[in-house]
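Here's the structure, in structure tokens; my notes come after.
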Amino acid sequence: MSTFKAPKGTYDLTPPDSAKYLAVREALSAPLKNSGYGYIETPGFEDVALFSRGVGESTDIVSKEMYTLTTKGGSELALRPEGTASVLRAALEANLHKLGNLPVKLWYSGSYYRYERPQKGRYRHFSQVGAEAIGAEDPALDAELIILADQAYRTLGLQNFRILLNSLGDKECRPVYRDALQEFLRELDLDDDTRRRIDLNPLRVLDDKRTEVQKQLVGAPVLRDYLCDACKAYHEEVRDLLTAAGVVYEDDEKLVRGLDYYTRTTFEFVHDGLGSQSAVGGGGRYDGLSEMIGGPALPSVGWALGVDRTVLALEAEGIVLELPSSTSVFAVPLGEEARRVLFAKVTELRRAGVAADFAFGGRGLKGAMKSANRSGARFTVVAGERDLAEGVVQLKDMESGEQQAVALDVLVAEVQQKLA
Ligand code: ATP
Ligand code: MG
């Protein structure tokens, strides 16, 4: 151990576990790559105002959880707490919405930072795979994203997750509801913090997890009763498309999500094996966000799936991903001459596209064979002085245990043929 440790609320990914994270990222993004989404990458930090304006001053993310810093040049920056505002900013900056047909469909994968109280499933540095479809108001797009996330979780083998679905209305009907809700909430017995929230972001009070608050919320006006006809029809269409696709969801009129920019469709994927950090992913429509950050009207929809919690969900269901070994051949030289010859063979194998590794460090046969086993390689190649004198190496199939002498100059071809 060194003097240093990973900062509080963070953890390192190290082999062999790190392979699982790579596989999860791959599985979460695979359906997107297959559905017309292009890859986008944005900086790890942004102008702090992008988030305060986009995500909203009154949200937990901006008011409590953001890592902000002032640069030597005096710029106010924030480590990105989420992906949507950055992706939209970048899409606008690159004029993606003018260059091609709408919607612009993008996917991303990366690190996010929130100053949270660390606990299982809640970290200060975590990783998300996300998708955004920018510039189209079409219920099929909302449905597409939910279907693709569902597909991603299912290809990983997850079963014990549920999809919660709601509509938050639009700029016509939401304000009317907001007024009615504020009126109701002002009559309740709430602490000062929550009272302030009534003015800033009353919908979030519905999300309060405390039972003493939830008890008082019985009889609160529900958004569904306030949705305008356009929002109602839109939501019905999303629901019908999901049903037609065989995707099961639950209507959850309390689902408001923690970000200000959501309109109409909102959804969350919750996993039942994760305790209180149950959300593995979430998203929704954000028709007003582009204008909030100074862009044109671009109705959009997106989601972000948490990689860390998806890995925890796999563990909760006892799912062990089948991760093929990354090494096919492991070379074990016995002696100085063999070391040179086999090192050259390993290079040759690699150049031929065969994943190969080598017993470095000049250990004895026993230690080297241990490394070979640990590598998970299908074949080992062992050679000593006597083999080299005969121009052969010993090729061992680690699965069957069979061993045969193979002429040095046909080794690469022989291995390729056996692996094919
Ligand atoms: P929560 O309700 O758990 O705080 P959230 O609404 O803040 O979640 P989003 O902003 O929607 O989460 O982020 C999408 C996903 O990213 C979440 O569903 C979760 O899987 C993951 N996520 C969010 N915050 C964290 C965190 N601090 N640590 C690990 N994963 C996180
Ligand atoms: Mg949160």
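Every value quoted in this text rests on a predicted model; they were computed, and no experiment measured them. Note that ligands are numbered from 1 as they come in the structure, with each ligand's atoms numbered from 1 the same way. All values below come from the heavy atoms of this structure, side chains included, with hydrogens, waters and symmetry mates left out.
Contacts of Gln277 with ligand 1, taken as heavy-atom pairs under 4.0 Å, are absent altogether. Residue-level proximity to ligand 1 for Arg122 is carried by backbone and side chain together, each with a heavy atom below 4.0 angstrom.
Residue-ligand proximity, Gly121 to ligand 1, at heavy-atom distances under 4.0 Å covers atoms 28 (N), 29 (C), 30 (N). When each atom of ligand 1 is checked for a heavy atom of Tyr123 under 4.0 Å away, the hits are 26 (C), 27 (N), 28 (N), 29 (C). Using a 4.0 Å cut-off to heavy atoms of Ala279, the atoms of ligand 1 that qualify are 17 (C), 18 (O), 19 (C), 20 (O). Residue Ala304 has at least one heavy-atom neighbour below 4.0 Å for each of these atoms of ligand 1: 14 (C), 15 (C).
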Could you walk me through whether His125 and Tyr113 pass the ring pair (Phe, Tyr, Trp, His ring centres under 6.0 Å) test, one step at a time?
CA-CA 5 Å; His125 165 260; Tyr113 308 86; 5.3 Å; yes
Is there a ring pair (Phe, Tyr, Trp, His ring centres under 6.0 Å) between Phe358 and Phe343? Walk through the geometry before answering.
CA-CA 7 Å; Phe358 183 75; Phe343 185 73; 5.4 Å; yes
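Residue contacts with ligand 1 leave out Glu82, since none of its heavy atoms falls under 4.0 Å from the ligand. Judged by the shortest distance from any of its heavy atoms, Glu116 lies inside the 4.0 Å radius around the atoms of ligand 1.
Note: an N/O pair closer than 3.5 Å links Val280 and ligand 1 by distance alone. At least one N/O-N/O distance between Gly281 and ligand 1 falls below 3.5 Å.
Every residue two or more places apart in sequence or in another chain that forms a salt bridge (Lys or Arg N to Asp or Glu O under 4.0 Å) with Arg186 is listed here: Asp199.
Closest approach of Gln216 to Phe184, counting heavy atoms only: O-CZ, 3.6 Å.
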Show the atom names and distances, to 0.1 Å, of all donor-acceptor pairs under 3.5 Å that link a side chain in residues 282-299 to residues at least two apart or in another chain.
from   : atom 1 : to     : atom 2 : distance (Å)
Arg285 : NE     : Asp142 : OD1    : 3.2
Arg285 : NE     : Asp142 : OD2    : 2.9
Arg285 : NE     : Tyr234 : OH     : 2.9
Arg285 : NH1    : Ala136 : O      : 3.2
Arg285 : NH1    : Asp287 : OD1    : 2.8
Arg285 : NH2    : Ala136 : O      : 3.1
Arg285 : NH2    : Asp142 : OD1    : 2.9
Arg285 : NH2    : Tyr234 : OH     : 3.1
Tyr286 : OH     : Glu132 : OE1    : 2.7
Asp287 : OD1    : Ser300 : N      : 3.3
Ser290 : OG     : Pro296 : O      : 2.5

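Around atom 12 (O) of ligand 1, the closest heavy atom drawn from Glu268, Gln128, Arg114, His125 belongs to Arg114.
Using a 4.5 Å cut-off on side-chain heavy atoms (C-beta onward), Leu165 and Leu255 make no contact.
Both tests hold for Arg124 against Tyr115: distance to the six-membered ring centre under 6.0 Å, angle to the ring axis within 45°.
More than 12 heavy atoms of other residues, nucleotides or ligands shown are found within 6.0 angstrom of CZ on Arg122.
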